[in-house]
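Here the structure comes first, spelled out in structure tokens, and everything after it is commentary.
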Amino acid sequence: MTYAQYGDPSTLELTDAPTPRVGPGSVLIRVERAAVNPVDWKVMAGALEPLLDAVFPVIPGWDVAGVVEAVGPDTPEFSPGDRVAAYGRKDVVHGGTFAELVALPATSVAAIPEGVDVDSAAGLPLVGLTALRSLETLQLGAEDTLLIHAASGGVGHLAVQLAREIGARVIGTASEQNHERLRALGATPVLYGDGLVERVREIAPEGVSAVADFVGGVHEQTLQLLADGGRHVSIADHSVGESGGHVVWVRPDGARLRTLLEKVAAGTLEVEIDRVLPLAEAADAFAASRDGAARGKLLIDPTR
Ligand SMILES: NC(=O)c1ccc[n+]([C@@H]2O[C@H](COP(=O)([O-])OP(=O)(O)OC[C@H]3O[C@@H](n4cnc5c(N)ncnc54)[C@H](OP(=O)(O)O)[C@@H]3O)[C@@H](O)[C@H]2O)c1
């Protein structure tokens, strides 16, 4: 699946492309599933042009689960036939995961443990690593009360689970239809939008000690709710640095991804899947992600 210039998902087209080269320290993966993330259609719209070069035609997609087809010179970490997953962002936008084959640096790749299904492995990397990096940056501990803006999204639902595992109390914003899901994950749900500060204060009159913003546009509410000495991060609002917050940018990291996959294998972390679509329906998947029409991860199967 490729696009020849920045634009709308409707311009995605199925194309024949050469098999990617697999260089030193790299792995060629036969893709069984790719996952859709909001960044995919944002990149396609040109929103990341100031940060990342693109070489057209671009194959979109940064998340993958599949089987190692071949390894490059001096790549002892993996062998053909291994089941692997990766968050595969590269420095140049070009050869993504919406394809039959993708080549990635071994440092981005993790072996999938026994008992983890291919859908969970594909849906996990980008959002799981973002959730983990956010909580690590917050230095979240069991004594914390954490407010998560957009707790029901891809990043949010994993951050809720990781924070609860640490022992923190979690308050999460979501639309009404997702409140039951958040309760089941151990968070106290609140509606986002007007009146949010008052609703959170009813639950935590003393304020919260940490805030993770996974949506943007909520900086004011964050500052009103943070107790003295509180910490805050955002993955979507670059202005948080002005008030002592930290902007989190997820990094490819095979070792940390393996840690997350082991949690899935152990049953302590669950990746919610909305549905799996064939590669030819990638544009529909992009539109569903952009329009907020999915509950859980949207996956792409390039084998059908
Ligand atoms: N900086 C980074 O490294 C990084 C990494 C990953 C993602 N991101 C960005 O972070 C954002 C979230 O990513 P995602 O993968 O979690 O997206 P997602 O799965 O599409 O989830 C988006 C969530 O936002 C919630 N939402 C919509 N409007 C809201 C509002 N006004 N207040 C609070 N929540 C609201 C929705 O909740 P309901 O469905 O309950 O309404 C939905 O669950 C995207 O903008 C993405 O590009 C950045």
Side-chain angles (χ1 to χ4, degrees), residues 34-48 50-52 60-63 87-89 122-138 147-162 171-185 187 189-197 199-200 211-222 225 232-241 245-253 256-257 260 271-275 285-299:
V36 177
N37 288 285
V39 74
D40 297 321
W41 46 262
K42 291 181 185 180
V43 169
M44 187 177 178
L48 272 73
L51 295 177
L52 293 171
W62 286 348
D63 270 342
Y87 162 48
R89 168 164 61 81
L124 179 68
L126 189 154
V127 286
L129 288 168
T130 306
L132 184 62
R133 190 170 176 84
S134 298
L135 301 190
E136 285 178 349
T137 304
L138 285 168
L147 170 65
I148 299 180
H149 295 287
S152 62
V155 180
H157 84 293
L158 295 176
V160 168
Q161 296 174 66
L162 294 171
I171 300 167
T173 74
S175 55
E176 185 91 46
Q177 58 173 348
N178 289 318
H179 283 196
E180 209 39 61
R181 287 169 62 214
L182 288 187
R183 257 184 224 108
L185 296 178
V190 287
L191 207 57
Y192 52 72
D194 287 347
L196 173 66
V197 171
R199 286 191 290 279
V200 174
V211 176
D213 163 24
F214 299 144
V215 64
V218 289
H219 194 185
E220 274 309 308
Q221 288 102 316
T222 291
L225 286 165
H232 62 115
V233 297
S234 178
I235 63 172
D237 188 340
H238 290 212
S239 68
V240 294
H246 190 97
V247 178
V248 168
W249 248 100
V250 59
R251 293 181 185 177
D253 187 333
R256 276 192 167 70
L257 176 56
L260 290 168
V271 184
E272 192 174 352
I273 307 299
D274 182 285
R275 60 189 187 275
F286 272 22
S289 167
R290 187 192 55 195
D291 300 342
R295 294 179 86 188
K297 296 298 295 179
L298 291 157
L299 304 181

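Both ligands and their constituent atoms are indexed starting at 1 by order of listing. The first residue in the sequence is number 1, and the count goes up from there. Computed over heavy atoms, backbone and side chain alike; hydrogens, waters and symmetry mates excluded.
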Which of the atoms of ligand 1 are close to [X], meaning less than 4.0 Å from one of its heavy atoms?
X: Thr130; value: 5 (C), 6 (C)
X: Leu126; value: 5 (C), 6 (C)
X: Ala150; value: 24 (O), 25 (C), 33 (C), 34 (N)
X: Ala174; value: 40 (O)
X: Val127; value: 15 (O)
X: Thr173; value: 33 (C)

Any chance CG of Asp291 has more than 12 other-residue heavy atoms, nucleotides or ligands included, within less than 6.0 Å? yes
Atom CD of Glu136 with >12 non-hydrogen neighbours under 6.0 angstrom: yes
Best match, Gly153, Pro38, Gly217, Ala294: closest heavy atom to atom 23 (C) of ligand 1: Gly153
Return a yes/no value for [X]: is any of its N or O atoms, backbone included, closer than 3.5 angstrom to an N or O of ligand 1?
X: Val250; answer: yes
X: Val215; answer: no
X: Asn178; answer: yes
X: Ser175; answer: yes
X: Ser289; answer: no

Among protein heavy atoms, which lies nearest [atom], and at what distance?
atom: atom 31 (N) of ligand 1; value: Tyr192 CD1, 3.6 Å
atom: atom 11 (C) of ligand 1; value: Phe214 O, 3.4 Å
atom: atom 36 (C) of ligand 1; value: Ser152 OG, 4.2 Å
atom: atom 18 (P) of ligand 1; value: Gly154 N, 3.9 Å
atom: atom 9 (C) of ligand 1; value: Ile235 CD1, 3.9 Å

Which atoms form the tightest heavy-atom contact between [X] and [Y], and what is the distance?
X: Leu129; Y: Asp253; answer: CD2-O, 3.9 Å
X: Arg199; Y: Leu191; answer: NH2-O, 2.9 Å
X: Ala174; Y: His179; answer: O-NE2, 2.9 Å
X: Ala35; Y: Asp40; answer: O-OD2, 3.7 Å
X: Trp41; Y: Ser289; answer: NE1-OG, 2.7 Å
X: Gly123; Y: Val271; answer: C-CG1, 3.9 Å

May I ask whether Lys42 has any heavy atom positioned less than 4.0 angstrom from an atom of ligand 1? yes
Within a strict 4.5 Å, meaning less than it, do heavy atoms of the Leu225 and Val211 side chains meet? no
Close side-chain approach of Thr130 to Leu158, heavy-atom, < 4.5 Å: no
Steps toward side chain to side chain contact (heavy atoms under 4.5 Å, CB included) verdict (Val155, Ile148): CA-CA 10 Å; Val155 180; Ile148 299 180; over 6 Å; no
Contact partition for Val155 relative to ligand 1, non-hydrogen atoms under 4.0 Å: both
Residue-level breakdown please: for Val248 versus ligand 1, do any non-hydrogen atoms fall below 4.0 Å on the side chain, on the backbone, on both, or on neither? backbone
Can you tell whether the side chains of Glu180 and Arg183 come within less than 4.0 Å, N to carboxylate O? yes
